[in-house]
Colleague: 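Got a structure for you, written out below as structure tokens; questions coming shortly.
Keep in mind that the numbers below use all heavy atoms, side chains included, and drop hydrogens, waters and symmetry copies.
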Amino acid sequence: MSLRCFMQEQAPVPGSAAQPVRYPACEWVGDAGEVDLHHPLNRFVCAWLTSDVDTVERCQEVLDVLAQVASGQCTHWALDGDAFNVDVQAHSLQFNFSHVGPNDQAWWNLPEGCLAMHPVHESLSAWCRYLQTEPQ
């Protein structure tokens with residue numbers, strides 16, 4: 001399994017004078033080359049990277065937070081973004097959709113949204129390297 005980073009182009013609404021929009025995106029690809037959009041690494045991590053961690057500067061901020069938590073400098077950190085709220089703890093990250101409030105128990109702290117630190121850190125590091133090399 002691996003992270004595939006690419007430039008996505010979104011076409012304008014037909015009939016409008018708008019220009020296409022290009023932005024960096026990523027997806028988690030299985031060993032056979034398939035992309036399962038329901039896989040937690042796509043549903044949470046890749047969606048988070050594409051929407052909330054889309055600059056080298058933001059990547060570095062988050063990498064610094066992960067390092068501080070992993071080293072024990074702090075025990076917990078919350079990262080708020082446009083699409084996700086991410087609760088960082090020593091060994092895991094809990095992803096929650098930003099539009100879901102903590103009182104909506106059915107959609108808050110979903111078990112499939114709790115991911116181990118290591119694969120998230122690896123994905124974030126690869127994403128940061130991609131953003132550093134890709135002209136925006």
Colleague: Would you say the side-chain atoms of D52 pair up with the backbone N or O of A83, donor to acceptor, closer than 3.5 Å?
Modeller: yes
Colleague: What are the two closest heavy atoms between Y130 and F6, and how far apart are they?
Modeller: OH-C, 3.1 Å
Colleague: Using the rule given for side chain to side chain contact (heavy atoms under 4.5 Å, CB included), can you reason through W28 versus L3, listing the C-alpha separation, both sets of side-chain angles and the distance that settles it, and then say yes or no?
Modeller: CA-CA 5 Å; W28 194 255; L3 185 73; 3.8 Å; yes
Colleague: Kindly give the heavy-atom pair with the smallest separation between T50 and C26, and that separation in Å.
Modeller: OG1-N, 3.4 Å
Colleague: If hydrophobic clusters are built from ILVMFWY residues whose side chains come within less than 4.5 Å, do W107 and W48 share one?
Modeller: yes
Colleague: Working to the nearest 0.5 Å, report the span between CD of E61 and CD of E57.
Modeller: 8.0 Å
Colleague: Would a 4.5 Å heavy-atom cut-off, applied to side chains only, mark L115 and V45 as touching?
Modeller: yes
Colleague: Between the side chain of N96 and the main-chain N/O of N109, is any donor-acceptor distance below 3.5 Å?
Modeller: yes
Colleague: May I ask you to test the Q89-T75 pair for a side-chain heavy-atom distance under 4.5 Å?
Modeller: no
Colleague: Is any side-chain heavy atom of P12 closer than 4.5 Å to a side-chain heavy atom of P20?
Modeller: yes
Colleague: Grab the two heavy atoms, one from V120 and one from A116, that are nearest each other, plus how far apart they are.
Modeller: CG2-O, 3.4 Å
Colleague: Any heavy-atom pair between the side chains of L93 and C114 that's under 4.5 Å?
Modeller: no
Colleague: To check you understand the geometry: which heavy-atom pair defines the closest contact between W127 and A25, and what is its length?
Modeller: CZ3-O, 3.3 Å
Colleague: So, taking the atom named SG in C128 and the one named CZ in R58, what distance separates them when rounded to the nearest 0.5 Å?
Modeller: 12.5 Å
Colleague: As a quick check of understanding, evaluate side-chain hydrogen bond (donor to acceptor under 3.5 Å, both in side chains) for N42 and D36, giving each step before the final call.
Modeller: CA-CA 7 Å; N42 275 317; D36 177 1; over 6 Å; no
Colleague: Can a donor-acceptor pair be found, under 3.5 Å and without considering hydrogens, that links the side chain of Q94 to the backbone of L110?
Modeller: yes
Colleague: Is there a path of hydrophobic side-chain contacts, each under 4.5 Å between heavy atoms of I, L, V, M, F, W or Y residues, that connects V29 with L49?
Modeller: no
Colleague: Less than 4.5 Å apart, side chain to side chain, heavy atoms only: is that true for S125 and L63?
Modeller: yes
Colleague: Identify the heavy atoms of V53 and L124 that sit nearest to each other, and give their distance.
Modeller: CG1-CD1, 3.8 Å
Colleague: Taking side-chain hydrogen bond (donor to acceptor under 3.5 Å, both in side chains) as the cut-off, I'd like each qualifying pair that reaches into residues 3-14, sequence neighbours left out, listed once.
Modeller: R4-E27
Colleague: Would you call the rings of F44 and F95 parallel, tilted or perpendicular, taking 30° and 60° as the class edges?
Modeller: tilted
Colleague: Strictly distance-based, threshold 3.5 Å: is any side-chain N or O of Q68 a donor or acceptor partner for the main-chain N or O of L66?
Modeller: no
Colleague: For H76, check side chain to side chain donor-acceptor pair (under 3.5 Å) against everything at least two apart and list the hits.
Modeller: D87
Colleague: Check whether any side-chain heavy atom of L131 sits under 4.5 Å from a side-chain heavy atom of P24, and report yes or no.
Modeller: yes
Colleague: Among all residues two or more places apart in sequence or in another chain, which pass the side chain to side chain donor-acceptor pair (under 3.5 Å) test with R129?
Modeller: none
Colleague: Could you tell me which non-hydrogen atom of A90 sits nearest to which non-hydrogen atom of V69, and how far apart they are?
Modeller: N-CG1, 3.5 Å
Colleague: Just verifying a value: how many Å separate R43 CZ and E112 CD, rounded to the nearest 0.5 Å?
Modeller: 5.0 Å
Colleague: Between V100 and F84, does the side chain to side chain contact (heavy atoms under 4.5 Å, CB included) criterion hold? Intermediate values first, please.
Modeller: CA-CA 9 Å; V100 176; F84 291 92; over 6 Å; no
Colleague: Are more than 12 heavy atoms, taken from residues, nucleotides or ligands other than D82, located less than 6.0 Å from that residue's CG atom?
Modeller: no
Colleague: Does a donor on one side chain and an acceptor on the other come within less than 3.5 Å for Q60 and D64?
Modeller: yes
Colleague: Within the 4.5 Å heavy-atom criterion, are S92 and M117 side-chain neighbours or not?
Modeller: no
